[in-house]
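Letters A, B, ... are given to chains in the order of the sequence lines, protein chains preceding strands, and every chain is numbered from 1. Since we're looking at a predicted model, the values are computed, not measured.
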Amino acid sequence: ADARELRVAPGAPPAHPSNSHLYQKLVEYLPEESDGALTARLLGPEVASLGQMKDAIQSQLVEVGNLLPLYFPADLPNMALAGELALSGRSPQAMAAAMTEYMVTCDTCQTELKDFGMVYLGSGSSDVYTLLTKEPIETADDLQGVRLRSGGAPFSRWAENFGAVPVNVSVLDTFESLSQGTIDGTMASVADLLSFRLIDLVDNVAVMEIGTYHATSDFTVGEAAWQSLSVDERAALARAANRANVDFTYRWGYEMPKEAIQAAKDAGIEFVEPSQELIEASNAFAEKDVQNAIERSRDQFGLSDAEERVNRFLELVDKWTAIVEETGTDPAKLAEKTQSEIWDKVDYASYGL
Amino acid sequence: MGALARLTNRAMNLTAVLAALGALVMMVHICAEIFLRTAFSAPIPATVEIVSRYYMVLLAFLPIAWLERRRGMVSVEAIDFLLPAGVKRYWDVAISLLSAVIYAGLAYTTWLVALKNYATGTFVMALEWVVPVWPTYFLPPIGFGLAVLVTVFRAISLLSGQDDAVEEALGV
Amino acid sequence: MSLEIGFYGIAALLVLLLLRLPVALALIAVSFGGMAAMLGWSPAFGILSSTPYSFVASWTLSAVPMFLLMGFVAYHAGLTTGLFEAAKAVLRKVPGALAISSVFACSGFAAVCGSSLACAAAMGRIAIPEMVRAGYRPSFACGSIAAGGTIGALIPPSILMIVYGVFSETSVTQVFVGGVSLGIMTAIAYSIVILLMCWLRPDIVPRRPVDADNLSARTALLRIWPVLVLIALVFGGLFSGLFTATEAGAVGAAGAIAIAAVTGRLTWKALKASLIETLTTSASLFIIAIGAAMFTRFLGVSGLSNFISSTVSGADIGYLQLMLIVVLIYLVLGMFMEPFGALLVTLPVLLPIFETSDINLIWFGVVVVKLLEIGMITPPVGLNVFVIRSVASQHASVMEIFKGVTPFLLIDVVVVAIAILWPGLILFAPNLMN
Ligand code: NA
Ligand code: NA
């Protein structure tokens with residue numbers, strides 16, 4: 001019989017890891033996992049960009065797409081809650097797995113997704129964001145009045161706590177803003193040095209850990225597409241997605257930062273060790289910020305039981321931090337863990353329906 | 001018919017004035033943002049979101065009917081010289097009606113989108129700020145809907161041969 | 001099968017355009033129909049309902065109405081009237097002085113605006129009436145500004161180059177620096193065209209300015225100080241880092257209004273006219289761009305755009321053949337697509353080919369912007385021609401403007417050939433930075 005071809009869309013160009021190490025991997029794994037019953041055809045960002053992904057999936061133009069849930073806090077409050085906990089991120093693979101288990105096992109998350117017309121098949125995570133700046137940052141005093149690009153509310157709270165000024169600049173405008181001096185630096189992945197050519201402009205990288213970007217929905221399946229698949233096909237799609245998710249986080253959270261650090265060292269960029277006080281203050285703020293996340297999730301995203309939800313999420317972060325420490329970062333081994341701990345426990349006759 | 005045409009006309013003028021105000025306010029807003037962040041390190045929150053989700057949507061969709069009335073939509077006049085005057089009138093009617101159908105399709109589908117966003121109360125987050133954006137989803141159906149009226153009125157007046165009555169009421 | 005629908009879609013678009021359906025509506029109707037034929041009703045309605053809002057709600061695009069407003073205020077408040085008197089005075093001995101100085105004025109304007117559309121719109125409003133009054137054939141006057149506007153995307157700041165730099169992971173600054181030389185080359189080439197026209201067809205381009213005789217170059221230059229202040233304001237702020245290229249439009253518009261007010265030239269009538277034109281121009285552009293974005297999505301799903309570019313990668317060919325094919329691809333895509341769509345569709349296929357063929361990506365970034373800009377003035381979908389049509393509707397029809405653009409298109413082919421044969425002409429400046 002002919003294979004069923006799914007229209008899949010990363011929303012990003014080929015050089016981006018969510019294309020090369022997420023969706024191209026899905027194209028590779030899907031026939032393997034489904035014994036040839038399913039294949040995937042990749043549609044580029046000219047057909048469905050990240051900004052259009054929600055509509056593309058809901059209208060069935062795209063059947064599996066890379067959705068940025070933080071664009072839709074009103075529809076996906078639980079994803080927004082997870083995004084508020086950015087400062088808790090220290091291990092990319094642990095954050096990705098915790099996020100995935102949280103979403104798969106929480107009833108209201110599944111209701112939200114169902115109302116949104118989508119089925120969730122896992123998340124990935126960035127590496128731990130740090131400071132990429134023109135002037136070296138060693139102490140809290142160095143942060144006073146420094147204008148930093150911020151990728152979200154938790155990073156802004158962190159910056160404001162140290163007297164820096166968070167600036168809302170699109171990631172594509174970072175290069176221009178930095179080159180013109182509209183901003184003095186960015187709170188970002190060290191990989192941005194290469195991805196956005198910041199290596200030409202940044203002189204200092206702080207050796208510290210601020211937080212991760214993990215509120216993603218790497219593979220978001222449209223309701224109609226999901227319903228059209230048999231139970232076995234759904235399980236196969238989930239297995240392929242799981243492998244690709246782990247590959248993607250390995251690329252985004254480990255390999256790319258490593259390459260960027262090497263390139264930065266070759267380019268003579270300084271890696272600045274901040275003072276012990278600053279690192280301690282930063283970690284202390286991250287712990288304190290959990291309370292802000294709870295309040296915002298309750299007041300702005302309408303989650304009345306925000307405190308329990310946040311605690312559940314943080315428990316999962318601890319659980320997966322331990323697992324990742326034990327297993328190591330090898331993608332194949334980790335994918336086995338997430339498959340057995342999360343995806344094998346899902347009932348594909350009812351999941352997402 | 002005349003009354004509806006006059007009402008459409010007033011609605012169009014109102015939308016054009018609103019869009020013009022939008023352009024001026026956008027200019028002042030961006031300049032104020034630059035001044036405040038430079039002089040006092042105090043940027044206006046959510047400027048990017050307000051510019052893109054409010055002023056831009058206002059500017060792009062509100063003036064469409066008004067533009068259609070001024071015959072400001074760009075088209076390629078390649079075969080006009082081939083058409084005798086008698087045929088040209090019916091040709092214009094056909095083009096107006098086809099345009100009306102396409103505008104209607106746009107108005108209807110964007111209206112459904114607006115209702116959906118109204119129901120969810122769609123908002124975006126600009127760092128710590130919450131910016132509700134669902135109201136602006138109603139601008140495309142308003143713009144396209146008025147364009148349907150303008151193109152239908154034009155077809156009617158062309159057909160009835162009385163360019164004056166309706167077109168005059170439309171203020172052409 | 002989808003490929004076929006892609007071809008039918010292009011044919012249907014041509015027919016609808018010939019029938020004189022507005023360009024925007026023709027693009028929208030074909031994309032909707034084509035999408036329905038390939039994937040069914042739901043995706044077709046999805047594209048119809050989602051593209052308008054998501055395309056327009058863009059921070060980067062906000063520069064377009066603001067730069068338009070700046071240009072229109074400068075024109076209606078009479079800040080720029082001195083510009084052409086000055087040009088006439090300085091170039092009074094040169095044949096075709098008005099057209100040549102408006103091409104160089106486009107280049108100057110290019111340095112303060114990020115897109116060729118805004119550049120063409122602003123300069124069109126300023127220069128075309130003056131040229132027509134001086135006896136230029138209107139189609140040529142319009143054509144020279146439609147073409148001159150393309151310099152707006154070549155000389156930095158350039159929104160297209162920023163997008164290219166981000167996608168190809170090359171230094172935007174180096175692409176910018178390379179763009180300066182190709183922009184200047186283009187301006188010189190256009191001036192040569194004007195001189196030639198002047199010599200061959202004095203009925204189209206009058207040989208000398210009409211009434212510049214009693215104005216000294218010195219007095220004339222003194223009269224253009226408002227424009228110089230405006231350019232200094234926008235430039236100064238841009239390069240000192242006070243604001244970004246996107247924000248510069250708003251500062252420029254406010255600056256134009258402020259200068260007009262200070263010099264007592266800001267009348268209610270001028271402000272109203274400027275706002276009306278800003279609205280008509282930006283709204284008519286945005287709806288065409290929405291249509292082009294839908295059409296790009298349709299071609300993307302049909303696989304046609306991919307098919308065209310991947311056919312190239314299959315063949316084993318040398319540098320000149322490869323570049324010839326690349327040029328042809330962009331000329332064909334540029335006929336129908338808006339530049340960002342064409343860029344997004346082609347880069348994924350072409351960049352890997354270039355990397356294996358050792359083609360310098362900074363050089364290509366400059367050349368691809370030039371090729372995309374040629375698409376802005378080729379029929380049937382030539383956005384620069386449409387913008388000129390909407391700012392100078394009393395002077396020429398779309399067909400006449402396309403006709404007026406033809407000599408500039410021919411010289412553009414020469415410019416592209418020079419850029420391909422001597423890449424060093426573009427690369428010497430970026431190489432100095434290393
Ligand atoms: Na420019
Ligand atoms: Na074209």
(request) Against chain C, work out which of Thr38(B), Val28(B), Val48(B), Leu139(B) has the most heavy-atom pairs shorter than 4.5 Å and name it. (result) Val48(B)

(message) As an exercise, state the distance from OG1 of Thr151(B) to CG of Leu25(C), rounded to the nearest 0.5 Å.
(response) 9.0 Å

(message) Working to the nearest 0.5 angstrom, can you tell me the gap between Arg53(B) CZ and Ser58(C) OG?
(response) 11.0 Å

(request) Run the numbers on Ile276(C) and Trp66(B) for side-chain contact (heavy atoms from CB on, under 4.5 Å), then give the verdict. (result) CA-CA 10 Å; Ile276(C) 286 180; Trp66(B) 175 78; 3.7 Å; yes

(request) Count the heavy-atom pairs under 4.5 Å between each of His29(B), Glu68(B), Arg37(B) and chain C, then report the option with the highest count. (result) Arg37(B)

(message) Please identify, among Pro379(C), Ala253(C), Ala24(C), Pro52(C), the residue contributing the most non-hydrogen atom pairs under 4.5 Å to chain B.
(response) Pro52(C)

(request) Working to the nearest 0.5 Å, report the span between CE of Met27(B) and CE of Met70(C). (result) 12.5 Å

(message) If you apply the rule side-chain contact (heavy atoms from CB on, under 4.5 Å), what do you find for Tyr53(C) with Thr136(B), and how did you get there?
(response) CA-CA 9 Å; Tyr53(C) 188 96; Thr136(B) 58; 2.7 Å; yes

(request) Give, as side chain, backbone, both or neither, the part of Leu48(C) having an atom under 4.5 angstrom from any heavy atom of chain B. (result) both

(message) Between Trp59(C) (side chain only) and Thr47(B) (backbone N and O only), is there a donor and an acceptor less than 3.5 Å apart?
(response) no

(message) Using every non-hydrogen atom in the two residues, find where Ala250(C) and Cys31(B) come nearest and quote the distance to one decimal.
(response) O-SG, 3.6 Å

(request) Kindly give the heavy-atom pair with the smallest separation between Ser62(C) and Val51(B), and that separation in Å. (result) CB-CG1, 3.6 Å

(message) Does Leu98(B) form a side-chain contact (heavy atoms from CB on, under 4.5 Å) with Leu19(C)? I'd like the steps, not just the answer.
(response) CA-CA 11 Å; Leu98(B) 183 54; Leu19(C) 294 181; over 6 Å; no

(request) Would you please name every residue forming a ring-ring contact (aromatic ring centres under 6.0 Å, His included) with Phe55(C), sequence neighbours left out? (result) none

(request) Measure across Val57(B) and Ala57(C) and return the closest heavy-atom pair with its distance rounded to 0.1 Å. (result) CG2-CB, 4.2 Å

(request) Working to the nearest 0.5 Å, report the span between OH of Tyr103(B) and CD1 of Ile287(C). (result) 5.0 Å

(request) Could you look at Phe144(B) and say if it's the side chain, the backbone, both or neither that has a heavy atom under 4.5 Å from chain C? (result) side chain

(request) Rounded to the nearest 0.5 Å, what's the gap from CG on Leu24(B) to CG on Leu69(C)? Could you check? (result) 6.5 Å

(request) Output the option from Ala20(B), Pro63(B), Gly143(B) having the highest count of non-hydrogen pairs under 4.5 Å with chain C. (result) Ala20(B)

(message) If I compare all heavy atoms of Ile34(B) with all of Glu247(C), which pair ends up nearest, and what's the gap?
(response) CD1-CB, 3.8 Å

(message) Please give me the minimum heavy-atom distance between Ala60(B) and Ala283(C), naming the atom from each residue.
(response) O-CB, 4.1 Å

(request) Could you grab the distance from atom CD1 of Ile47(C) to atom OG1 of Thr109(B), nearest 0.5 Å is fine? (result) 11.5 Å

(request) Using non-hydrogen atoms and a 4.5 Å limit, figure out which bit of Pro65(C) sits close to chain B: side chain, backbone, both or neither. (result) side chain

(message) Using the rule given for side-chain contact (heavy atoms from CB on, under 4.5 Å), can you reason through Phe45(C) versus Leu112(B), listing the C-alpha separation, both sets of side-chain angles and the distance that settles it, and then say yes or no?
(response) CA-CA 11 Å; Phe45(C) 276 112; Leu112(B) 295 182; over 6 Å; no

(message) Measuring only between side-chain heavy atoms, which start at C-beta, is Phe61(B) closer than 4.5 Å to Ile290(C)?
(response) yes

(request) With a 4.5 Å cut-off on heavy-atom pairs, point out which of Ile102(B), Thr110(B), Val113(B) contacts chain C the most. (result) Ile102(B)

(message) Ignoring hydrogens, what is the shortest heavy-atom contact between Pro22(C) and Ile95(B)? Give both atom names and the distance.
(response) CD-CG2, 4.3 Å

(message) Tell me if the OH atom of Tyr108(B) is crowded by more than 12 foreign heavy atoms within 6.0 Å.
(response) no

(message) Can you tell me which portion of Glu33(B) sits under 4.5 Å from chain C's heavy atoms? Options are side chain, backbone, both or neither.
(response) side chain

